[in-house]
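Quick caveat: nothing in here was measured; it's all calculated off a predicted structure. All values below were derived from every heavy atom in this structure, side-chain atoms included, with hydrogens, water molecules and symmetry-related copies excluded.
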Amino acid sequence: MARKTGTGIVGGLVGGVIRAAWAGLAFWDLYLRPENKLNGKKPLWAFVILLGGVGPLIYFFFAPKR
């Protein structure tokens with residue numbers, strides 16, 4: 001098993017922090033947005049947000065009614 005370099009560890013940490021912040025922003029938006037302004041139910045969108053790095057992206061593109 002190869003050892004990670006300092007750059008690899010920092011890059012992984014930065015990526016993880018960005019993904020966590022993106023998910024946190026999506027959960028905050030979901031919490032504040034009334035359910036009648038969403039396409040679907042809040043529990044469904046909470047599950048979608050948890051789908052790795054693409055969940056928040058899917059939420060922001062498809063959840064809000066326009």
Side-chain angles (χ1 to χ4, degrees):
M1 187 158 146
R3 236 178 127 192
K4 283 193 172 188
T5 63
T7 306
I9 293 171
V10 171
L13 283 173
V14 170
V17 167
I18 290 171
R19 280 194 299 269
W22 189 239
L25 182 63
F27 276 119
W28 184 253
D29 183 77
L30 181 64
Y31 173 74
L32 293 178
R33 192 178 298 269
E35 197 157 0
N36 65 345
K37 300 284 184 179
L38 290 171
N39 291 314
K41 300 286 185 187
K42 283 190 175 191
L44 168 71
W45 288 114
F47 176 74
V48 168
I49 292 169
L50 292 173
L51 296 176
V54 297
L57 188 64
I58 293 169
Y59 169 77
F60 282 118
F61 274 106
F62 297 108
K65 285 186 180 177
R66 293 188 170 34

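- Residues Pro64 and Arg33 have side chains in contact (heavy-atom distance under 4.5 Å, counting atoms from C-beta outward).
- Follow the hydrophobic side-chain contacts under 4.5 Å out from Ile18 and you never reach Leu57; the two are in separate clusters.
- For the atom pair CD1 of Ile49 and CG of Leu25, the computed distance is 9.5 Å after rounding to the nearest 0.5 Å.
- Trp28 forms part of a hydrophobic cluster together with Tyr31, Leu32, judged by ILVMFWY side-chain heavy-atom separations under 4.5 Å.
- Considering only residues two or more places apart in sequence or on other chains, Lys65 meets the side-chain contact (heavy atoms from CB on, under 4.5 Å) condition with Asn39.
- Asp29 contributes atom CG, which lies 12.5 Å from atom NZ of Lys37 (distance to the nearest 0.5 angstrom).
- Note: Trp45 and Phe62 fail the aromatic proximity criterion, with ring centroids not under 6.0 Å apart.
- Note: the hydrophobic cluster containing Phe61 also contains Leu30 (ILVMFWY, side chain heavy atoms under 4.5 Å, direct or indirect links).
- Here the shortest heavy-atom pairing between Pro56 and Ala23 reads CG-CA, 3.7 Å.
- Minimum interatomic distance between Lys42 and Glu35 (heavy atoms only, all atoms of both residues): N-OE2, 3.3 Å.
- Remark: Phe27 CZ to Tyr59 OH distance equals 10.0 Å, nearest 0.5 Å.
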